[in-house]
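Some notes on the structure that comes next.
Small disclaimer: the values here were computed from a predicted structure and weren't measured.
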Amino acid sequence: MRKLIFIQLHLFFLMTINFNAMSQPNNQSKAGILLVSFGTSYADAQKALDNIDKKVKEAFPGKEVRWAFTSAIIRNKLKKEGKQIDSPAEALAKMGSDGFTYIAVQSLHVIPGKEYDDLKKTVTAFNHIPKSASHIQLGKPLLYMHQDVNAVTEALEAIISATSKPDEAVILMGHGTHHPSDIYYAGMQYFLWQKSPLYFIATVEGYPALSDVLPKLKPNKVKTVWLMPFMTVAGDHAQNDMAGNEPDSWESQLKKAGLEVKIIMKGMAEYDQIVSIWINHLKETINELEK
Ligand code: CO
């Protein structure tokens with residue numbers, strides 16, 4: 001009987017120790033940033049992502065910054081070149097096991113489309129995994145609220161007016177999507193037209209298309225058109241669909257229509273005015289996490 005009580009006490013003692021160890025709040029909270037882009041395999045386009053990396057580190061000194069690409073095709077392509085880039089899930093799992101308790105995940109996508117939706121699902125799933133980072137929050141893409149569309153338009157106007165003349169047209173090349181968020185491009189056109197009737201946006205895979213913009217050039221007596229990517233990086237679409245030598249590239253189509261074409265081969269992430277909008281979204285996310 002005495003021995004039994006001893007064992008029970010002993011067990012109770014052990015259980016108490018374990019329970020205390022488990023419930024002890026982790027005083028060593030560790031916050032990190034995960035930047036998530038669709039990704040690019042173009043070495044030239046990587047400089048846009050390097051610029052964001054630099055600006056984020058300047059804005060949040062002391063916070064570790066890691067990267068993930070959402071595109072499996074691009075990750076596999078890079079893998080063959082010996083470059084290992086994590087998917088968002090891989091990066092979050094590693095950050096969890098590396099002791100990060102708070103993670104601000106920042107979407108570097110342009111619109112809240114399919115890539116953003118998938119990232120949101122990943123973040124939600126990781127918030128339910130025990131013993132991983134306790135707080136993970138997702139920051140909004142470049143365009144989310146109408147204020148963002150307005151802010152991006154203001155930034156673009158400053159960029160465009162420093163390069164082109166008022167009688168020259170500008171066509172921004174957006175990606176476009178089958179996702180309902182494709183409407184952001186038409187929404188963006190509304191804001192652009194408040195700046196100039198010669199600022200247009202068209203998309204590769206969504207609405208509006210280049211064929212929707214072409215008929216609007218002649219009535220406006222346009223002779224010169226600037227083409228610039230409205231994508232995070234100036235990658236494959238910018239190099240080939242926008243400014244490629246093939247007859248169906250936008251440059252070729254515009255030239256065929258008798259227009260002079262000038263190219264700006266820069267991704268949105270190469271402009272500090274645009275990057276600051278992404279950084280503001282990241283600031284909001286970090287403030288949420290620190291509440
Ligand atoms: Co694409």
Side-chain angles (χ1 to χ4, degrees), residues 30-127 129 132-133 135-142 175 229 231-238 266-272 274-286 289:
K30 187 175 165 187
I33 294 168
L34 178 64
L35 299 178
V36 182
S37 152
F38 177 78
T40 182
S41 58
Y42 272 68
D44 259 9
Q46 179 60 38
K47 61 176 181 259
L49 303 183
D50 292 343
N51 186 47
I52 295 197
D53 187 74
K54 187 174 145 248
K55 289 282 172 305
V56 167
K57 283 171 181 163
E58 279 168 14
F60 308 99
K63 281 204 169 66
E64 191 175 327
V65 177
R66 295 194 184 184
W67 278 85
F69 285 177
T70 53
S71 167
I73 294 169
I74 298 214
R75 288 197 312 272
N76 289 333
K77 216 172 152 187
L78 289 170
K79 207 174 189 173
K80 281 177 194 144
E81 296 166 18
K83 284 175 226 150
Q84 169 70 41
I85 307 269
D86 288 333
S87 71
E90 286 164 341
L92 286 172
K94 283 182 190 169
M95 288 178 92
S97 62
D98 289 345
F100 285 90
T101 46
Y102 292 84
I103 305 171
V105 179
Q106 181 56 49
S107 153
L108 301 177
H109 302 105
V110 174
I111 58 160
K114 174 84 166 72
E115 298 289 320
Y116 178 79
D117 275 0
D118 287 351
L119 184 57
K120 201 170 173 179
K121 281 179 200 160
T122 305
V123 167
T124 305
F126 269 85
N127 268 319
I129 292 179
S132 100
H135 303 85
I136 310 172
Q137 190 104 16
L138 177 60
K140 306 286 185 266
L142 185 64
H175 193 281
M231 298 183 198
T232 307
V233 303
D236 190 51
H237 288 301
K266 259 177 132 177
M268 284 297 121
E270 287 177 70
Y271 301 106
D272 293 349
I274 302 282
V275 171
S276 71
I277 297 165
W278 266 303
I279 288 185
N280 284 341
H281 291 173
L282 180 53
K283 272 185 191 146
E284 287 163 20
T285 308
I286 289 175
L289 277 171

Taking G267's backbone N and O only, do any of them form a donor-acceptor pair with E270's side chain (distance below 3.5 Å, no angle check)? yes

In Å, rounded to the nearest 0.5 Å, how long is the span from CG of L92 to CG of L119? 8.0 Å

Testing T70, D117, L142 one by one against H109 for a side-chain contact (heavy atoms from CB on, under 4.5 Å), which residue passes? T70

I would like to know whether I33 and I286 meet side chain to side chain contact (heavy atoms under 4.5 Å, CB included); could you show each step before the answer? CA-CA 9 Å; I33 294 168; I286 289 175; 4.0 Å; yes

Side-chain heavy atoms of T232 within contact of L49, under 4.5 Å: yes

Within the side chain of K283, is there an N or O that forms a donor-acceptor pair under 3.5 Å with the backbone of A59? no

Can you measure from NE2 (H175) to CE (M231) and round to the nearest 0.5 angstrom? 5.5 Å

Close side-chain approach of V105 to F126, heavy-atom, < 4.5 Å: no

Any side-chain heavy atom of Q84 sitting closer than 4.5 Å to one from K79? yes

Any chance you could lay out the side chain to side chain contact (heavy atoms under 4.5 Å, CB included) test for D98 and R66, step after step, and finish with the verdict? CA-CA 12 Å; D98 289 345; R66 295 194 184 184; 3.0 Å; yes

Tell me if a side-chain donor or acceptor on T101 pairs with a main-chain N or O of K30 at a distance below 3.5 Å. yes

Quick one: CD on E90 to CZ on F69, what's the gap to the nearest 0.5 Å? 13.0 Å

What I'd like to find out is whether the side chain of L138 reaches to under 4.5 Å of the side chain of Y116, using heavy atoms alone. yes

Within the side chain of H281, is there an N or O that forms a donor-acceptor pair under 3.5 Å with the backbone of G139? no

So, for T40 and G235, which heavy atoms are closest and what is the spacing to 0.1 Å? OG1-CA, 4.4 Å

Output yes when a side-chain donor or acceptor of N76 lies under 3.5 Å from a complementary backbone atom of A72, and no otherwise. yes

State the CD-CH2 distance between Q106 and W278, to the nearest 0.5 angstrom. 9.0 Å

Which atom of I136 lies closest to which atom of N127, heavy atoms considered: O-ND2, 2.8 Å

Given side chains that start at C-beta, do those of R75 and S87 come closer than 4.5 Å, heavy atoms only? yes

So does A269 get a backbone contact from the side chain of N51, meaning a donor-acceptor N/O pair under 3.5 Å? yes

Show the nearest heavy-atom pair for residues K63 and A31, with the distance to one decimal. CE-CB, 3.8 Å

L108 side, atom CG; W67 side, atom CH2 - distance, nearest 0.5 Å: 5.0 Å

Which pair of heavy atoms, one from S37 and one from G39, lies closest together, and at what distance? OG-N, 2.8 Å

Closest approach of A104 to T285 (non-hydrogen atoms, all atoms of both residues): CB-CG2, 4.1 Å

Hey, could you give me the CD/CD1 distance between E284 and I279, rounded to the nearest 0.5 Å? 12.5 Å

Atom NZ of K57 with >12 non-hydrogen neighbours under 6.0 angstrom: yes

Is I73 atom CD1 crowded by more than 12 heavy atoms from other residues, nucleotides or ligands, each under 6.0 Å away? no

Do NZ/NE/NH1/NH2 and the carboxylate oxygens of K114 and D118 come within less than 4.0 Å? yes

Looking at D50 and K54, is there a salt bridge between them, counting it only when a charged N and a carboxylate O are closer than 4.0 Å? no

Going by the angle between their ring planes, with limits at 30° and 60°, are Y102 and H135 parallel, tilted or perpendicular? parallel

Would you mind reporting whether L34 and M95 have side-chain heavy atoms less than 4.5 Å apart? yes

With a 4.5 Å limit on heavy-atom distance, are the side chains of Y42 and V233 in contact? no

